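Below you'll find the structure, written out as structure tokens, and then a few comments.
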Number of protein chains: 2
Amino acid sequence: MKKTKNTKKQLLEATLTLISEKGYLRATTREIAQKAGVTELTLFRHFGSKERLFEELLNGYTFLPRLKELLPELEGLSYERSLEIIATRFLLTLKERKAMIKIMYSEVTIYPEKIRAIYNRFVDEMRGTMAGFFENMQKRGIMRRNSPEMAARVFLWILISYFRSEEIMRPGSMKKETMEMNVQEIIDIFMHGTLNKRSDLSYTGRTAHERL
Amino acid sequence: MKKTKNTKKQLLEATLTLISEKGYLRATTREIAQKAGVTELTLFRHFGSKERLFEELLNGYTFLPRLKELLPELEGLSYERSLEIIATRFLLTLKERKAMIKIMYSEVTIYPEKIRAIYNRFVDEMRGTMAGFFENMQKRGIMRRNSPEMAARVFLWILISYFRSEEIMRPGSMKKETMEMNVQEIIDIFMHGTLNKRSDLSYTGRTAHERL
DNA sequence: TGGCTATGTAAGTGCGCACTTACATTAAAA
DNA sequence: TTTTAATGTAAGTGCGCACTTACATAGCCA
């Protein structure tokens, strides 16, 4: 063989980048090949068609959320602090996977089943993990008796929307400090809720907003 | 003139539908014209190019959220009930605007400025209204002293993600009853928060989840 | 060394699509 | 009735793109 053995990998990477930037139809095979440093013909020799190239990208992609490994490290921390750490880690994962996330948002109409499958696999896993975490918090009497499933969904929804708002709909990338502040406020709301109750004051004293 | 005077309107409607279903590039001018009941040539005589057709669609679109008109009707209702009603109304608005929302999600990469402008106009207006509502609740001592802005953002984020999850990423459309139940659980979390506090029990007795 | 495999060069094919041109028709306004 | 504005019919143009074919070349292994 000549030169590199990882041609396929580089083609898949170029595909990921270009399709996330310009969408499936606007990302031409010529451009993808060029970005991968090979000829267009090589692309077709490896994947046969543009469609199969895209499918292989989708099939081979894994989000591997490292959330589960994170949970044991939270022992001893407060509920609030735990949520903050989980949220931060989750947002970083989203940021790392930004390219694929953009694809999932913009190409659902075209590849409904496959993209939904990936998306749901990812979200379901996250939700399962979080639901487990919440169940645990309930057993310890730390959390109210909400449905852990729904709590997990709401938790993830907030963060996904926040990510989308900051990273995709608003210009400029999330700054680390802004993010930390926002996460604090978000978690504050998620944890305490928004209703004024006397016990709040005795427990936390002030809201994240007041601390600013 | 011949027949209808509203050719432009019908073309714009067809454009909205088709682009939301298949994306900008896959929605052909031939198909759009056919759906509008006119010839392709008529389309070009009216709009000059496909791009300008799309631009006119974006420029002329208005979300007109009727949220503001809704607020006065909430006088006398509980905080929780008010939030439920607002959430339901907001979700219905999203459902009605589903086509444009799908376009905004899938074509941001291609028309960043214009789509972001529309999106932000919509979201900012909603957020402003909600922030006003929360400020009012704070003045009355009903709500904790969170940042009303952030509370509004979180509130809308949850609902938008919920909408997306049910209407776009999961097969099948939101059933009315399921939606009502989900909204109850969501609002329950948003309002009370997820922390177990003694005053919760004295105030509401049980969570939405326990009521099921 | 010789054969095999991965890649390259170059030229081309066919299709779909946005967009055009020339001419005809119809209904309403004048 | 004549004129005019909006639409239709029909044929076509040119471009970009996915994909192909034929032939050449460079490194690896037996």
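Letters A, B, ... mirror the listed sequences (proteins, then strands); counts begin at 1. The model shown is predicted, which means the values in this text are computed figures rather than measured ones.
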Angle, rounded to 10°, between the helical axes spanning five pairs at each terminus of the helix from C/dT1-D/dA30 to C/dA30-D/dT1? 10°
Among all residues two or more places apart in sequence or in another chain, which pass the salt bridge (Lys or Arg N to Asp or Glu O under 4.0 Å) test with B/Lys9? none
Show which side-chain atoms of residues 94-104 of chain B pair as donor or acceptor with protein atoms under 3.5 Å away, not counting sequence neighbours.
residue: B/Lys95; atom: NZ; partner: B/Met174; partner atom: O; Å: 3.3
residue: B/Arg97; atom: NE; partner: B/Phe63; partner atom: O; Å: 3.4
residue: B/Arg97; atom: NH2; partner: B/Phe63; partner atom: O; Å: 3.1
residue: B/Lys98; atom: NZ; partner: B/Glu167; partner atom: O; Å: 3.4
residue: B/Lys98; atom: NZ; partner: B/Glu167; partner atom: OE1; Å: 3.2

One character per nucleotide, please: for nucleotides 17-22 of chain D, 5' to 3', B when the base has a protein heavy atom closer than 4.0 Å, S when only the sugar-phosphate does, - otherwise. SSB-BB
Donor-acceptor pairs under 3.5 Å, side chain of residues 117-125 of chain B to any protein atom, not counting sequence neighbours: which ones?
residue: B/Asn120; atom: OD1; partner: A/Arg170; partner atom: NH1; Å: 3.4
residue: B/Asn120; atom: ND2; partner: B/Arg116; partner atom: O; Å: 3.1
residue: B/Asp124; atom: OD1; partner: A/Arg170; partner atom: NH2; Å: 3.0
residue: B/Asp124; atom: OD1; partner: B/Arg127; partner atom: NH2; Å: 3.3

Residue set satisfying salt bridge (Lys or Arg N to Asp or Glu O under 4.0 Å) with B/Glu75, at least two apart, ordered chain then number -> B/Arg140
For A/Glu107, give me all partners under salt bridge (Lys or Arg N to Asp or Glu O under 4.0 Å), at least two apart in sequence or on another chain. none
Would one find a side-chain N or O of A/His46 under 4.0 angstrom from OP1 or OP2 of C/dT7? yes
Under the salt bridge (charged side-chain N to carboxylate O under 4.0 Å, His left out) criterion, do B/Glu21 and B/Arg26 qualify, and how do the steps go? CA-CA 9 Å; B/Glu21 279 170 3; B/Arg26 289 183 200 257; over 6 Å; no
It should be established whether B/Thr42 places a side-chain nitrogen or oxygen under 4.0 Å from OP1 or OP2 of nucleotide D/dG8. yes
Go through the structure and list residues passing side-chain contact (heavy atoms from CB on, under 4.5 Å) with A/Thr15, not counting sequence neighbours. A/Ile19, A/Ile32, A/Leu53, A/Leu57
To the nearest Å, give me how far apart CD (A/Gln34) and P (C/dG8) are. 12 Å
Would the number of heavy atoms belonging to other residues, nucleotides or ligands and lying under 6.0 Å from CD of B/Glu13 be above 12? yes
Could you tell me how far apart B/Lys8 (NZ) and D/dA5 (C1') are, to the nearest whole angstrom? 15 Å
Positions of residues 14-22 of chain B (non-hydrogen atom under 4.0 Å from DNA chain D), listed by number: none
Kindly say if B/Thr39 contacts the phosphate of D/dT7, meaning a side-chain N or O under 4.0 Å from OP1 or OP2. no
Quick one: which residue pairs count as a salt bridge (Lys or Arg N to Asp or Glu O under 4.0 Å) with a foot in residues 32-41 of chain B, not counting sequence neighbours? B/Arg30-B/Glu40
Listing request: all ring pair (Phe, Tyr, Trp, His ring centres under 6.0 Å) pairs with a residue in residues 94-113 of chain B, at least two apart in sequence or in separate chains. A/Tyr105-B/Tyr105, B/Phe54-B/Tyr111
With B/Leu77 via side-chain contact (heavy atoms from CB on, under 4.5 Å) - residues at least two apart: B/Leu74, B/Arg81, B/Ser82, B/Ile85
